[in-house]
S.K.: 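Below is a structure I'd like to ask you about.
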Amino acid sequence: MCRLLIASALLFLSPAFAQAQDSQRYAALILGSVHFGVDLNDFNPGLLIGHRWQRGEGGFEYHLEGGVFYNSYEEVAPILMGGVSYQLAELGSFNLRGGVSAGTGYYGALAPTLERDYGIPNVEGFIPLVAASLALRDTRRPVEYRLTALPGDAGTGVLNLSVAFDF
(Lines give C-alpha, C1' and ligand atoms only; values in the text may rest on other atoms or scores of the structure.)
Protein backbone atom coordinates (compact mmCIF):
# COMPACT_ATOMS: atom_id res chain seq x y z
CA MET A 1 0.00 0.00 0.00
CA CYS A 2 2.82 2.40 0.87
CA ARG A 3 4.45 1.75 -2.53
CA LEU A 4 1.15 2.54 -4.27
CA LEU A 5 0.90 5.86 -2.40
CA ILE A 6 4.46 6.81 -3.30
CA ALA A 7 4.01 5.82 -6.95
CA SER A 8 0.76 7.82 -7.14
CA ALA A 9 2.38 10.89 -5.63
CA LEU A 10 5.31 10.72 -8.02
CA LEU A 11 2.96 10.38 -10.98
CA PHE A 12 0.89 13.40 -9.99
CA LEU A 13 3.90 15.49 -9.06
CA SER A 14 5.59 14.70 -12.37
CA PRO A 15 6.24 17.17 -15.20
CA ALA A 16 3.05 16.01 -16.94
CA PHE A 17 1.19 18.45 -14.70
CA ALA A 18 3.35 21.30 -15.97
CA GLN A 19 0.82 21.59 -18.83
CA ALA A 20 -1.53 23.34 -16.43
CA GLN A 21 -1.90 27.09 -16.92
CA ASP A 22 -0.35 28.06 -13.60
CA SER A 23 1.66 25.28 -11.98
CA GLN A 24 3.91 25.36 -8.91
CA ARG A 25 5.81 22.87 -6.77
CA TYR A 26 6.23 23.54 -3.04
CA ALA A 27 7.53 22.09 0.20
CA ALA A 28 5.35 22.37 3.30
CA LEU A 29 6.63 22.21 6.87
CA ILE A 30 4.06 20.99 9.37
CA LEU A 31 4.82 22.94 12.53
CA GLY A 32 2.38 21.33 14.94
CA SER A 33 -1.19 20.63 15.91
CA VAL A 34 -3.70 21.31 18.64
CA HIS A 35 -6.17 18.53 19.47
CA PHE A 36 -9.61 19.31 20.89
CA GLY A 37 -11.65 16.95 23.02
CA VAL A 38 -8.86 14.37 23.38
CA ASP A 39 -5.52 14.25 25.14
CA LEU A 40 -3.05 13.51 22.33
CA ASN A 41 0.48 14.48 21.34
CA ASP A 42 0.44 18.01 19.86
CA PHE A 43 4.03 17.80 18.62
CA ASN A 44 3.34 16.72 15.02
CA PRO A 45 6.09 18.03 12.72
CA GLY A 46 6.29 16.89 9.14
CA LEU A 47 7.50 17.57 5.63
CA LEU A 48 5.36 17.43 2.50
CA ILE A 49 6.21 17.97 -1.15
CA GLY A 50 3.32 19.31 -3.20
CA HIS A 51 2.19 20.45 -6.59
CA ARG A 52 -0.59 22.98 -7.22
CA TRP A 53 -2.08 24.03 -10.52
CA GLN A 54 -4.94 25.90 -12.13
CA ARG A 55 -6.91 24.91 -15.20
CA GLY A 56 -9.09 27.42 -16.97
CA GLU A 57 -10.55 30.54 -15.43
CA GLY A 58 -12.37 30.92 -12.15
CA GLY A 59 -9.79 31.04 -9.35
CA PHE A 60 -9.90 27.34 -8.45
CA GLU A 61 -6.53 25.78 -7.71
CA TYR A 62 -5.93 22.04 -7.32
CA HIS A 63 -3.21 20.43 -5.24
CA LEU A 64 -1.64 17.10 -4.44
CA GLU A 65 0.92 16.66 -1.68
CA GLY A 66 2.66 13.75 -0.04
CA GLY A 67 5.25 13.25 2.65
CA VAL A 68 5.69 12.16 6.25
CA PHE A 69 4.70 13.49 9.65
CA TYR A 70 4.94 12.44 13.28
CA ASN A 71 1.34 11.57 14.06
CA SER A 72 -0.54 12.04 17.32
CA TYR A 73 0.16 8.45 18.31
CA GLU A 74 3.92 8.98 18.07
CA GLU A 75 4.39 7.13 14.78
CA VAL A 76 6.28 8.41 11.75
CA ALA A 77 3.50 8.34 9.21
CA PRO A 78 3.27 8.73 5.45
CA ILE A 79 0.47 11.00 4.21
CA LEU A 80 -1.03 11.74 0.79
CA MET A 81 -3.65 14.50 0.32
CA GLY A 82 -5.29 16.08 -2.71
CA GLY A 83 -7.88 18.81 -3.03
CA VAL A 84 -8.99 22.18 -4.25
CA SER A 85 -8.87 25.77 -2.98
CA TYR A 86 -10.42 29.05 -4.03
CA GLN A 87 -9.24 32.62 -3.58
CA LEU A 88 -11.63 34.28 -1.10
CA ALA A 89 -10.09 37.74 -0.79
CA GLU A 90 -7.05 39.93 -1.29
CA LEU A 91 -5.64 41.36 1.93
CA GLY A 92 -2.89 43.80 1.03
CA SER A 93 -0.06 41.72 -0.36
CA PHE A 94 -1.73 38.44 0.68
CA ASN A 95 -4.32 36.25 -0.98
CA LEU A 96 -6.73 34.49 1.39
CA ARG A 97 -7.67 31.03 0.11
CA GLY A 98 -10.17 28.50 1.44
CA GLY A 99 -9.99 24.84 0.52
CA VAL A 100 -10.78 21.22 1.17
CA SER A 101 -8.59 18.14 0.89
CA ALA A 102 -9.03 14.39 1.14
CA GLY A 103 -6.51 11.61 1.34
CA THR A 104 -4.96 9.11 3.68
CA GLY A 105 -2.50 8.96 6.55
CA TYR A 106 -0.92 6.10 8.46
CA TYR A 107 -2.14 5.30 11.97
CA GLY A 108 -0.85 1.78 12.44
CA ALA A 109 -1.25 1.54 16.22
CA LEU A 110 -4.65 3.26 16.24
CA ALA A 111 -6.30 2.11 13.00
CA PRO A 112 -7.76 -1.17 14.35
CA THR A 113 -9.29 0.66 17.34
CA LEU A 114 -10.80 3.37 15.13
CA GLU A 115 -12.32 0.71 12.89
CA ARG A 116 -13.68 -1.31 15.82
CA ASP A 117 -15.07 1.61 17.85
CA TYR A 118 -16.16 4.05 15.12
CA GLY A 119 -16.34 2.09 11.87
CA ILE A 120 -13.50 4.12 10.29
CA PRO A 121 -12.09 1.88 7.57
CA ASN A 122 -8.38 1.22 7.20
CA VAL A 123 -6.12 -0.64 4.83
CA GLU A 124 -3.07 -1.92 6.69
CA GLY A 125 -3.20 1.12 9.02
CA PHE A 126 -3.98 3.78 6.39
CA ILE A 127 -7.17 5.68 7.24
CA PRO A 128 -9.10 8.28 5.23
CA LEU A 129 -8.57 11.95 6.10
CA VAL A 130 -10.72 14.97 5.24
CA ALA A 131 -9.59 18.53 5.98
CA ALA A 132 -10.65 22.15 5.48
CA SER A 133 -8.05 24.90 5.30
CA LEU A 134 -7.49 28.63 5.23
CA ALA A 135 -4.26 29.90 3.71
CA LEU A 136 -2.57 33.28 3.45
CA ARG A 137 -0.33 33.36 0.38
CA ASP A 138 2.21 36.17 0.23
CA THR A 139 2.24 37.65 -3.28
CA ARG A 140 5.68 39.25 -2.70
CA ARG A 141 7.47 36.07 -1.61
CA PRO A 142 6.97 32.38 -2.42
CA VAL A 143 5.46 31.53 0.97
CA GLU A 144 2.04 30.45 2.26
CA TYR A 145 0.80 30.13 5.87
CA ARG A 146 -1.89 27.47 6.38
CA LEU A 147 -4.34 26.61 9.14
CA THR A 148 -5.97 23.24 8.55
CA ALA A 149 -8.87 21.69 10.46
CA LEU A 150 -9.54 17.98 10.60
CA PRO A 151 -12.94 17.18 12.09
CA GLY A 152 -13.23 14.44 14.65
CA ASP A 153 -16.01 12.65 16.43
CA ALA A 154 -18.53 14.57 18.61
CA GLY A 155 -16.56 17.55 19.92
CA THR A 156 -13.12 16.40 18.86
CA GLY A 157 -10.86 17.66 16.12
CA VAL A 158 -7.44 18.91 15.15
CA LEU A 159 -6.10 22.30 14.08
CA ASN A 160 -2.80 22.13 12.24
CA LEU A 161 -0.39 24.95 11.39
CA SER A 162 1.99 24.70 8.44
CA VAL A 163 4.03 26.92 6.15
CA ALA A 164 4.74 26.19 2.47
CA PHE A 165 7.58 27.47 0.28
CA ASP A 166 7.50 27.39 -3.53
CA PHE A 167 10.50 25.98 -5.38
Side-chain angles (χ1 to χ4, degrees), residues 2 4-37 40-72 75-107 126-152 156-167:
C2 187
L4 177 61
L5 284 171
I6 292 169
S8 298
L10 290 175
L11 172 69
F12 285 112
L13 297 173
S14 74
F17 274 79
Q19 297 174 5
Q21 287 179 351
D22 188 13
S23 175
Q24 185 62 53
R25 286 184 177 86
Y26 59 92
L29 297 174
I30 300 172
L31 303 176
S33 301
V34 175
H35 294 79
F36 297 96
L40 294 173
N41 173 36
D42 287 332
F43 179 68
N44 307 115
L47 176 63
L48 305 170
I49 301 297
H51 193 117
R52 57 178 169 249
W53 66 96
Q54 292 181 347
R55 291 209 184 262
E57 301 297 321
F60 284 99
E61 183 176 87
Y62 305 91
H63 65 270
L64 182 68
E65 56 189 35
V68 295
F69 73 110
Y70 187 65
N71 73 24
S72 305
E75 301 170 309
V76 175
I79 185 171
L80 180 64
M81 300 291 284
V84 61
S85 70
Y86 186 77
Q87 183 173 320
L88 302 173
E90 289 186 32
L91 306 169
S93 64
F94 290 91
N95 291 331
L96 176 64
R97 302 189 69 81
V100 294
S101 300
T104 187
Y106 184 73
Y107 288 80
F126 287 90
I127 65 169
L129 298 172
V130 177
S133 64
L134 284 175
L136 278 177
R137 188 172 300 160
D138 192 331
T139 60
R140 300 166 300 168
R141 293 183 285 276
V143 65
E144 177 178 273
Y145 307 95
R146 303 188 293 189
L147 184 62
T148 304
L150 291 94
T156 65
V158 180
L159 284 179
N160 176 282
L161 180 63
S162 61
V163 61
F165 302 95
D166 296 352
F167 65 90

S.K.: Kindly say whether Y70 contributes a backbone atom to a donor-acceptor pair with the side chain of N44 at under 3.5 angstrom?
M.R.: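 Looks like yes, one N/O pair under 3.5 Å.
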S.K.: Looking at every non-hydrogen atom in both residues, tell me the closest pair between G50 and E65 and how far apart they are.
M.R.: CA-CB, 3.7 Å
S.K.: Distance under 6.0 Å and angle within 45° of the ring axis: does R55 meet both against Y62?
M.R.: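 Output no; distance or angle outside limits.
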S.K.: Without swapping roles, check the side chain of N160 against the backbone of I30 for a donor-acceptor pair under 3.5 Å.
M.R.: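 No; judged by distance alone, with no hydrogens or angles, the pair does not exist.
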S.K.: Applying side-chain hydrogen bond (donor to acceptor under 3.5 Å, both in side chains), run through S101 and H63 and close with a yes or a no.
M.R.: CA-CA 8 Å; S101 300; H63 65 270; 2.8 Å; yes
S.K.: Do the side chains of F69 and L48 get nearer than 4.5 Å, heavy atoms only?
M.R.: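 When only atoms from C-beta onward are counted, F69 and L48 do not touch, as no gap falls below 4.5 Å.
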S.K.: Measure the spacing between CG of L31 and CZ of R146 and express it to the nearest 0.5 Å.
M.R.: 10.0 Å
S.K.: The test is side chain to side chain contact (heavy atoms under 4.5 Å, CB included); show your working for I49 and F167 and say whether it passes.
M.R.: CA-CA 10 Å; I49 301 297; F167 65 90; 4.2 Å; yes
S.K.: Between L134 and L88, is any pair of side-chain heavy atoms under 4.5 Å apart?
M.R.: yes
S.K.: If I take atom CG from residue L159 and atom OG1 from residue T148, how far apart are they, to the nearest 0.5 angstrom?
M.R.: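 The CG atom of L159 sits 9.0 Å away from the OG1 atom of T148.
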S.K.: How far apart are the closest heavy atoms of R97 and G59, and which atoms are they?
M.R.: NH2-O, 3.1 Å
S.K.: Just so I know, are the side chains of P45 and L29 near enough to count as touching, which here means a heavy-atom distance under 4.5 Å?
M.R.: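 Contact flag for P45/L29 side chains = no.
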S.K.: What's the spacing between L129 CG and T104 OG1 if we round to 0.5 Å?
M.R.: 6.0 Å
S.K.: Roughly how far apart are R52 CZ and E144 CD, rounded to 0.5 Å?
M.R.: 5.0 Å
S.K.: Heavy-atom distance under 4.5 Å between the side chains of D42 and H35, does that happen here?
M.R.: yes
S.K.: Is there a side-chain contact between L150 and V130 (heavy atoms, below 4.5 Å)?
M.R.: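 No - every pair of side-chain heavy atoms lies 4.5 Å or more apart.
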S.K.: Can you name the closest pair of heavy atoms from A77 and N71 and give their distance?
M.R.: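 Shortest heavy-atom contact: CB-ND2, 3.7 Å.
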S.K.: List the atom of Y106, the atom of E75, and the distance in Å for their closest heavy-atom pair.
M.R.: O-OE1, 4.1 Å
S.K.: Decide yes or no for F36 and T156: does some side-chain heavy atom of the first lie under 4.5 Å from some side-chain heavy atom of the second?
M.R.: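 Sidechains of T156 and F36: no contact.
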S.K.: Can you measure from CG (L91) to OG1 (T139) and round to the nearest 0.5 angstrom?
M.R.: 10.5 Å
S.K.: Is the shortest distance from a Lys or Arg side-chain nitrogen in D166 or R137 to a carboxylate oxygen in the other one below 4.0 Å?
M.R.: no
S.K.: Just how far is it from atom CG of L96 to atom OH of Y145, taken to the nearest 0.5 Å?
M.R.: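 L96 atom CG to Y145 atom OH measures 14.5 Å (nearest 0.5 Å).
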S.K.: Looking only at heavy atoms, what is the nearest atom pair of V158 and S33, with distance?
M.R.: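 In terms of heavy atoms, the two residues are closest at CG1-CB, 3.8 Å.
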S.K.: Within the 4.5 Å heavy-atom criterion, are V143 and V163 side-chain neighbours or not?
M.R.: yes
S.K.: What is the minimum heavy-atom distance between A164 and Y26, and which atoms define it?
M.R.: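 The pair with the smallest heavy-atom distance is CB-CD1, 4.0 Å.
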